[in-house]
There are 2 protein chains.
Amino acid sequence: MDWSIQDIARLAGTTSRTLRHYGDVGLLPASRVGDNGYRYYDELALVRLQRILMLRDLGLGIPAIADVLAGQTDGAEALAVHLRWLHQEKDRLDRQIASVEMTMLTLEGGEQLMAENMFDGFDHTAYREEVEERWGAAAYADGDRWWRSKSAAEKAEWQQRQKQLAADWSAAAAAGLAPDGAEAQALATRHADWLAGIPGTPQVNGRPAKQYLVGLGEMYVADYRFGANYGGAEGASFVRDALAVYAERNL
Amino acid sequence: MDWSIQDIARLAGTTSRTLRHYGDVGLLPASRVGDNGYRYYDELALVRLQRILMLRDLGLGIPAIADVLAGQTDGAEALAVHLRWLHQEKDRLDRQIASVEMTMLTLEGGEQLMAENMFDGFDHTAYREEVEERWGAAAYADGDRWWRSKSAAEKAEWQQRQKQLAADWSAAAAAGLAPDGAEAQALATRHADWLAGIPGTPQVNGRPAKQYLVGLGEMYVADYRFGANYGGAEGASFVRDALAVYAERNL
DNA sequence: CTAGAGGTTGACGCAGCGTCAATGTCAAGC
DNA sequence: GCTTGACATTGACGCTGCGTCAACCTCTAG
């Protein structure tokens, strides 16, 4: 007993186009092809088709389905792999949803989309022009998008980390430590690590690019807004010098 | 001040290919095109590009981004619409994840993928051949996929509903009620509604197809497995007659 | 002058079919 | 025997957003 393409399509709850597609890609060839070119399918084909459609409904792609039906892949294993895929996708969606919601809240607050206060209290974006000029606005734009994707708690934690770092720098500068001393270099290391955690920061195998770090130090000194957070121009100079030494030694 | 295509790509953290694409679709034309055909971009283009990339990161499609930037759509509104999209997608993923997990559990249990006991205690799938022969395997396959996508709680609720219905049918038959009486017809109505809730059931504007319902009644009588749930052959006959009357009057 | 970096315009590829388009075939009624 | 209508066939484009060659100019520095 065999059916025409329309018959089997209705039997399985799909369309003839889908069947022809499966025939084209070799997933489900017709059981028989008449002299007129018509496709005919038998019970085995129907069973196979039903299995195909079930796996498809679970979200598996055609190659994966083919592997399972060919016995090359264990069904349970294929599903396990697919399940990880699904969870990744879900995580991605969750992050995007959070990001969109954050942005909507920001818009309600009347703020600009491109937040100028992205790193409150440790404002790199104030140096936007310089940064963009030398390292590309990617350092700014990527950072902005990344920042927006974080939750309030994460933001608070980040800002806390920044403030602590700034305070430690300030204290070290006030104590008159040497920029090339162990303590100052430890701070420079923390600073570099912190920067490396910001997407968009020019990096070389996990660490900030040397010239970027040095240039950043120069900007800290050149701009009074930095000094305000570190006890004045001396603090900025201290940071610049320490970073320069760090960069020379480690990058 | 204007930049080459590579310059602005790096500045914004994207690729030149993307910029050419945006140019092709009219989303971001080059600010200027040299005699040599080279594209050049200015600050305005950079700002626009950054907004584009931000919206893109939020998951908006190119047409939606174009609408927002053209001022035809309010940004907040576009985001709200998009957010609903995201939630729908997430729901879909959640269902698919649940479905895959259920299937994996079924596989671990060593059961067949095409569950034979889909409607335990009220087994329609026992009539698979007849159903497929007359109504297409869609009634079976769709039902199977649908069933698999439900949570354990939902399944329990469904089965409870089935058992209650079966018990009520059984009681009515034992009480010697008339198949065309009000009580029997009320049960038939519940039965029809219950069937209509199963995807794959042949339906005509929200109700089971007449011939399908009648044929189902015949199958109930023809197969001893049905009688077992309804107090024997008399129960099945009662149900068949009641359904036939219901179908004649209402479908 | 030459090499090399960077620019241009096509055009295919991807996932899985939906959707015409142009055309051949089969079963049924006159 | 012919017409008609339902159903079949093989292309081939469309969708989404670019990645990735390919073939071929152009600019800049040594």
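A quick note: this is a predicted structure, and the numbers were derived from the prediction, not measured. Lettering of chains follows the sequences in order, A, B, ..., and the numbering in each one begins at 1.
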* Separation of D:dT26 P from B:Asp35 CG (nearest whole Å) -> 11 Å

* **Distance-minimising heavy-atom pair for B:Leu19 and B:Leu28** => CD2-CD2, 3.9 Å

* If you check the A:Ser4 side chain, which of D:dT10, C:dG7, D:dA8 turns out closest? -> D:dA8

* Within the structure shown, what part of the strands sits under 4.0 Å from B:Gly34 by heavy-atom distance: base, sugar-phosphate, or nothing? -> nothing

* To do: Calculate the interatomic distance between A:Ile8 atom CD1 and D:dC7 atom P; express it in whole Å.
  => 16 Å

* **Closest to side chain of B:Asn36, choosing from D:dC27, D:dT9, D:dG17** => D:dC27

* Is A:Arg20 touching bases, backbone alone, or none of the nucleic acid, heavy atoms closer than 4.0 Å? -> base

* Asked: OP1 or OP2 of D:dA6 less than 4.0 angstrom from a side-chain nitrogen or oxygen of A:Gln6, does that happen here?
  -> no

* Spell out yes or no: do the side chain of A:Arg17 and the base of C:dT19 have one donor N/O and one acceptor N/O closer than 3.5 Å? => yes

* To do: For C:dT8, take OP1 and OP2 only and decide whether either is under 4.0 Å from a side-chain N or O of B:Arg39.
  => yes

* To do: Could you check whether the rings of A:Tyr38 and A:Tyr40 sit parallel, tilted or perpendicular, using 30° and 60° as the cut-offs?
  => tilted

* **Side-chain N or O of A:Tyr22 closer than 4.0 Å to phosphate OP1/OP2 of C:dC17** => yes

* Check step by step if salt bridge (Lys or Arg N to Asp or Glu O under 4.0 Å) holds for B:Arg32 and B:Asp2. => CA-CA 9 Å; B:Arg32 183 170 68 80; B:Asp2 49 12; 3.1 Å; yes

* 5′-ward residue of the pair A:Tyr40/A:His21 relative to DNA chain C -> A:His21

* Indicate, yes or no, whether a donor-acceptor pair under 3.5 Å links the base of C:dG24 to the side chain of A:Tyr38. => yes

* To do: Just call it for B:Thr15: base, sugar-phosphate, or nothing, with non-hydrogen atoms closer than 4.0 Å on any strand.
  => sugar-phosphate

* Minimum heavy-atom distance between B:Tyr22 and B:Arg56, given as atom pair plus value -> OH-CD, 3.5 Å

* To do: Compare every heavy atom of B:Ala78 with every heavy atom of B:Val68, then report the nearest pair and how far apart it is.
  => CG2-CB, 3.5 Å

* Asked: Can you check whether A:Thr18 has a side-chain N or O nearer than 4.0 Å to OP1 or OP2 of C:dG18?
  -> yes

* Figure out the NE2/P separation between A:His82 and C:dA15, and round it to whole Å. => 14 Å

